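Counting starts at 1 for both ligands and their atoms, in listed order. Note that this is a predicted model, so its numbers are computed, not measured. Side chains are part of it too, since the values below use all heavy atoms of this structure and drop only hydrogens, waters and symmetry mates.
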Amino acid sequence: MDFSFTEEQLMLQDVARRIAQEKIAPSAEHHDRTGEFPLDNIRLLGENGLMGIEVPTEYGGAGMDPIAYVLAMVEVAAGDAAHSTIMSVNNSLFCNGILTHGSEAQKQKYVRAIAEGEAIGAFALTEPQSGSDATAMRCRAVKQADGSYVINGKKSWITSGPVAKYIVLFAMSEPDKGARGITAFMIDTDKAGFGRGKTEPKLGIRASATCEIEFNDYVAQPEDVLGQEGEGFKIAMGVLDAGRIGIASQAIGIARAAYEATLEYVKDRKAFGAAIGTFQMTQAKIADMKCKLDAALLLTLRAAWVKGEGKRFSNEAAIAKLTASEAAMWITHQAVQIHGGMGYSKEMPLERYFRDAKITEIYEGTSEIQRLVIARNETGLR
Ligand code: CAA
């Protein structure tokens, strides 16, 4: 077993770290406070190959592997979680699904624009009444005699929804068939019949714009179908497997930023005549933070490695996401506690890390769904 990274992986990590530390981290407080979408930084990430890391160069991407994706995501998330949310959706949920299931024309049209950072992509599965139970969707795509589809319905919690040019949409085309009646469509948000609702005010990742979207007699052509009719649920699940590696990496980045800030603080902060890092209660927290951080990273790299081998990685991705997101929540909680009043103050980024960490336990499959996926895989029972 080889734990070293290739030169290319380290180079991409370095590019991501430089942009994250020089451009993203300095404006993170502003983006968190105002909720302003960081378009310039997203373009910069795109120009440097970070919006299509696993996208082959012929479609405008960096042509790298899933390990490189993990390393780069961790760096960007350590700079600011909201930026890494946008990056994760563009890379994993948007480009990945089209690369795996799209036609050549779809790859040329949709993947290039997103991978190069010229446009933003989104993924629309969730609805107001269906989150974890994704097959309970009500959005309908009714096939017409000429082969086109008329789409009606609402999708909610759409990351980058307010700014996305293209969206991968999942709609029920044959309701009687349940999961096998769902079809995936490529949506152009400039076309008639597409609308956006209000932007959601959120606890964390505030600069990653999130909104409801609506379809009123939106017409999709047969060439807009992604994969085959009725294959949408499996496409969504496969794409979410990849997405979960992205969210695990995001959680690690947030946790690492909180951990590194804490390491500095415990050396500087004095109480009872000594640095608080010399107290056993603080030392125990530091040791546990480091163990959880390393475990999360190794499990996430394992999931990325299995993906890179071209094997099914649903279980490894769920294990990585569950472990990393719960580690991030725990580590940021401890970091706030060790910083005391300063951890609670907006003068330091600790409270932001704490708020940002929470979403990693919710989106792209809650911790409960990850446990369900893992237990089903381990037992073979349903
Ligand atoms: N890859 C490929 N196929 C898969 C799969 C996977 N990972 N998981 C399931 N399937 C297939 C099954 O094999 C089955 O196929 P057959 O019909 O041929 O047997 C079919 O899909 C249905 O599977 P299940 O019976 O297991 O489906 P289920 O209804 O029991 O649901 C679930 C399973 C795991 C609960 C699933 O619904 C799930 O993951 N829910 C969570 C949804 C989610 O993650 N939502 C996040 C929203 S997106 C988001 O957050 C994005 C953002 O903005 C950042």
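- The protein heavy atom nearest to atom 34 (C) of ligand 1 is V373 CG2, 3.8 Å.
- Within the model, atoms OH of Y69 and OG of S92 stand 2.5 Å from one another, a figure rounded to the nearest 0.5 Å.
- Between F194 and F215, the ring center distance clears the sub-6.0 Å criterion.
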Chi angles and distances behind the salt bridge (charged side-chain N to carboxylate O under 4.0 Å, His left out) call for K307, D241: CA-CA 9 Å; K307 178 172 190 276; D241 286 343; over 6 Å; no

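- For atom 41 (C) of ligand 1, the choice among G243, S132, S160 with the nearest heavy atom turns out to be S132.
- Inter-residue side-chain proximity for I331 and K292 is flagged as met; some heavy-atom pair is nearer than 4.5 Å.
- The shortest contact between atom 36 (C) of ligand 1 and any protein heavy atom is with M237 SD, 3.6 Å.
- Looking at ligand 1, you won't find any N or O of T126 less than 3.5 Å from one of its N or O atoms.
- Under the 4.5 Å side-chain contact rule for hydrophobic residues, L50 and L39 share a cluster.
- E231 has its side chain out of reach of R180: every pair of non-hydrogen atoms, C-beta onward, lies at least 4.5 Å apart.
- Atom 17 (O) of ligand 1 has R180 NE, 2.9 Å as its closest protein atom, hydrogens excluded (heavy atom only).
- Only one option out of Y110, Y149, Y166 pairs with F185 in a ring-ring contact (aromatic ring centres under 6.0 Å, His included); it is Y149.
- Comment: R43 does not engage E47 in a salt bridge, judged by the lack of any side-chain N to carboxylate O separation of less than 4.0 angstrom.
- Among E326, E361, E378, the single residue meeting the salt bridge (Lys or Arg N to Asp or Glu O under 4.0 Å) criterion with R371 is E326.
- For atom 43 (C) of ligand 1, the nearest non-hydrogen atom from the set V239, T85, I235, L240 belongs to L240.
- Heavy-atom separations between K321 and ligand 1 are all 4.0 Å or longer.
- Note: F123 CZ to S160 OG = 13.0 Å, rounded to the nearest 0.5 Å.
- Of all protein heavy atoms, the one closest to atom 48 (S) of ligand 1 is F123 CE2, 3.8 Å.
- Of all atoms in ligand 1, numbered sequentially from 1 with element shown, those under 4.0 Å from a heavy atom of R376 are 26 (O), 30 (O), 33 (C).
- Within the listing of ligand 1, atoms 53 (O) sit less than 4.0 angstrom from a heavy atom of W157.
- In this structure, atom 12 (C) of ligand 1 is not in close contact with the protein, since no protein heavy atom lies within 4.0 Å of it.
- Residue I369 places no N or O, backbone or side chain, under 3.5 Å from any N or O of ligand 1.
- By the criterion of a heavy-atom distance under 4.0 Å, the side chain of S314, and not its backbone, is placed next to ligand 1.
- For T159, heavy-atom contacts with ligand 1 shorter than 4.0 Å involve the backbone as well as the side chain.
- Of the polar atoms of K234, at least one N or O is found under 3.5 Å from an N or O of ligand 1, judged by distance alone.
- Using a 4.0 Å cut-off between heavy atoms, E368 makes no contact with ligand 1 at all.
- Under the 30°/60° scheme for interplanar angles, the aromatic rings of F279 and F272 are found to be tilted.
- At a heavy-atom cutoff of 4.0 Å, ligand 1 is contacted by no atom of D133, backbone or side chain.
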Worked verdict on E200 versus K198 for salt bridge (charged side-chain N to carboxylate O under 4.0 Å, His left out): CA-CA 6 Å; E200 293 289 348; K198 73 169 173 57; 3.6 Å; yes

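- Nearest to atom 50 (O) of ligand 1 among the protein's heavy atoms is E364 N, 2.9 Å.
- Using a 4.0 Å threshold on non-hydrogen atoms, atom 53 (O) of ligand 1 counts as touching the protein.
- With a heavy-atom cut-off of 4.0 Å, F233 touches ligand 1 through its side chain alone.
- Of all the atoms in ligand 1, the ones that sit under 4.0 Å from a non-hydrogen atom of D241 are 1 (N), 6 (C), 7 (N).
- Salt-bridge annotation for K155 and E127: present, with a side-chain N of the basic residue lying under 4.0 Å from a carboxylate O of the acidic one.
- The single protein non-hydrogen atom nearest to atom 25 (O) of ligand 1 is R382 NH2, 3.0 Å, given as residue, atom name and distance.
- Protein heavy atoms are found less than 4.0 angstrom from atom 38 (C) of ligand 1.
- Summary of contacts: the protein heavy atom closest to atom 6 (C) of ligand 1 is R312 NH2, 3.1 Å.
- For ligand 1 and L93, the ligand atoms under 4.0 Å from any heavy atom of the residue are 51 (C).
- Between D356 and R206, no side-chain nitrogen of the basic residue sits less than 4.0 Å from a carboxylate oxygen of the acidic one, so the salt-bridge criterion is not met.
- Taken together through direct or relayed side-chain contacts under 4.5 Å among Ile, Leu, Val, Met, Phe, Trp and Tyr, M73 and I42 form part of one hydrophobic cluster.
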